[in-house]
Asks: 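My structure is below; once you've seen it, I'll send some questions.
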Amino acid sequence: MRNATVIVTAFAGVLLMVALLLTCILPLQYRGSELDTVMPLQDAWRYADGSAADPASLTFDENETAVIYLDIPRKDIQGRSLCFVTRNVLFTIYNGDAVLYDFHPDLSGLYGKFYGDQEHMVQLPTEEDTVHLRIECESLIQLRWTGISDIMLEHSSTHLQRILYHNAGKFALCMVTFSAGMVFFILGLVEQFLRKRDMLETMSLGVIAMTLAAWTSFPTHVIQLVSGNFAASRVFEYVSLMVLPIPVLVFVCALTKSMDSPLLHIGTGLCVANLFIQFGAVWNGIEDYHNMLYLSHVLIVVGVAFVGILIWKAIRRNAIDREQRQFLIGAITIIFAAGLLDMIRYYVNSTVDASQITRIGLFVFVCILSVYEFRKLMNIQSKGEMAEEMRRLAMEDPLTGLLNRTAFNRFEEDVKKRTGGKCLFVQLDVNYLKKVNDTYGHSEGDRHIVAAATILKESFGQYGKVYRVGGDEFIAVLESKECDQEYLRAVTAFRVKQQQYNDRVNPPVKLQIACGMAEYDFSDCNPEEAERLADTRMYENKKSLKLANA
């Protein structure tokens, strides 16, 4: 039954993932408006003198402004919007002299001087036969990719779907990596603080994955579209890169058992200093994050050097085993090589998507180290279960399965620390056990003890704990607020069960259990006195039972 349930659950999970994937990628085939198609407008613009204008590479005057024009017939609009992407330009769109759309965001504070990329969808009027568009642009920075790109007429919903569909693969790769990092971080956090295990290595790996995934996800525009704040998203992208060396150094130091290394403190200090320097420069309007990006790149290179030194020293002193060496060196080499290639692409080709290779390298990096960390977690879990089993065996009587004398001694130490409340000690002893052992053998004596333990567990165990503290000696402890009534119910139950056992099994010597109870007030700080009183009363009961059977 269990195997069938596992198979059905696994099949349902796979089916759900496949259905979700198909939902995202399958297009809906239908015949709608003839104007559902995209009308590109990138090459249709002109300057005031009639010459062709490329909005993606505008020619700005001495005031860093540019004006481009385009006339659009009403028949081409028909409910479609003017959709485009701007990068680091401010602009206003006019229809004749009327303002249709104005984009002059407040870039004060920590936003910096530029905003990065921004998607726009501008609704155009349809009252006139022709819309006379004029876009007055103001450049924030002169870069190759500064301007307006991907201009088209398209329905807004279709445009959004196309953006998401076009970037779905890249975004999914980032989200898988981010989710894996989050799982590692949470697992490490739980193990670190709840089970008191050293899981800094796993936690830092999770932070690395989440930081890199956050940084590499921004070229997909998905987060920016969801948040609606491209400027804030851009700041977060740069901050992710500034702090990235810290979790990397922590991870390597934890893995190589070199947390006291000065390289960790130096690297962390440099990253924090870089963070404050860039924040201060941006806040005071001195510089922008883009112009200080080289600082973060330099620190990443320094971090790579520090990581290499840490690994080399760890190998020399045999601080990491062969398996760790294979996983660590392979994964770190891949991610560092990917990052280095992207940095070269950024400075040589001035590419917009400066994390394209890193995105793939990050996924491979996380996959490799995920295998390593999961194996490590499984090993820890196995050792934890083994330790738990050893603790259980140390506290459990092997014959009866009840708690043993060691467990009761620990309870005594604990109860001495309490200051309020009470409990009942019930001393229990099996009569005639020596007679059973001598006459019928120790096997029969063991059956006698097991039967007594089962009866006591079924009667007293539902109200408290039962300990086997000697060969034929047991102690039950009841400590709820209604322990007096529970004691009466338990005693009645165990007498009935004892009689039922004798009638059903008919052992060669009838099972007979004597008991004595004493109340203990936690404020007395002397549970032994109450135990002795319960023991005395138990022996009185034992004598009376034997006299009754004489």
Side-chain angles (χ1 to χ4, degrees), residues 170-218 220 222-223 233 236-259 261 263-264 267-268 271-272 275 296 299-300 303-304 306-307 310-311 314 320 323-336 338-339 355 358-384:
K170 294 187 288 185
F171 185 71
L173 202 61
C174 294
M175 287 301 97
V176 168
T177 307
F178 188 89
S179 300
M182 188 167 59
V183 168
F184 280 124
F185 178 73
I186 293 174
L187 285 176
L189 201 65
V190 170
E191 293 285 336
Q192 180 78 32
F193 290 100
L194 295 186
R195 302 191 181 182
K196 306 302 180 184
R197 293 171 180 163
D198 185 10
M199 299 299 294
L200 186 59
E201 176 187 322
T202 304
M203 291 169 59
S204 56
L205 173 61
V207 175
I208 293 171
M210 289 189 290
T211 304
L212 278 170
W215 175 58
T216 57
S217 69
F218 286 101
T220 68
V222 176
I223 292 179
S233 301
F236 187 71
E237 178 183 7
Y238 283 109
V239 171
S240 300
L241 206 59
M242 292 180 212
V243 301
L244 178 60
I246 297 177
V248 173
L249 286 172
V250 171
F251 172 74
V252 175
C253 286
L255 192 64
T256 58
K257 301 176 180 61
S258 53
M259 290 301 298
S261 172
L263 296 180
L264 173 60
T268 302
C271 289
V272 173
L275 197 67
S296 299
L299 288 183
I300 290 175
V304 171
F306 283 3
V307 166
L310 289 168
I311 295 175
I320 54 176
E323 182 185 47
Q324 287 178 317
R325 199 178 309 160
Q326 290 174 339
F327 279 101
L328 178 64
I329 295 177
I332 289 181
T333 300
I334 289 173
I335 190 61
F336 282 162
S355 58
T358 305
R359 195 178 297 118
I360 300 172
L362 171 62
F363 181 74
V364 178
F365 169 81
V366 171
C367 287
I368 293 174
L369 289 185
S370 292
V371 174
Y372 167 74
E373 287 295 334
F374 271 120
R375 290 177 62 173
K376 175 187 171 183
L377 288 171
M378 292 298 292
N379 188 38
I380 290 175
Q381 183 67 23
S382 176
K383 290 181 179 178

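Please read all numbers here as calculations on a predicted model, not as lab measurements. Values below: all heavy atoms of this structure, side chains included; hydrogens, waters and symmetry mates excluded.
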Asks: Nearest 0.5 angstrom please: S204 OG to I246 CD1, how far?
Replies: 12.0 Å
Asks: About how many Å separate CZ of F236 and CG of L241, when rounded to the nearest 0.5 Å?
Replies: 12.0 Å
Asks: Where is the tightest heavy-atom contact between M259 and A254, given as atom of each residue plus distance?
Replies: SD-N, 3.5 Å
Asks: Can you see which heavy atom on L244 is nearest to which on P247, and at what distance?
Replies: O-CD, 3.1 Å
Asks: Should L310 and L249 count as side-chain neighbours, where that means a heavy-atom distance under 4.5 Å?
Replies: yes
Asks: Atom SG in C253, atom CG in L263: separation rounded to 0.5 Å?
Replies: 7.0 Å
Asks: Using side chain to side chain contact (heavy atoms under 4.5 Å, CB included), reason through V243 and L275 one step at a time and then give a plain yes or no.
Replies: CA-CA 8 Å; V243 301; L275 197 67; 4.3 Å; yes
Asks: Closest approach of F185 and M203, non-hydrogen atoms and distance?
Replies: CD1-O, 3.7 Å
Asks: Under 4.5 Å between any side-chain heavy atoms of I311 and V252, yes or no?
Replies: yes
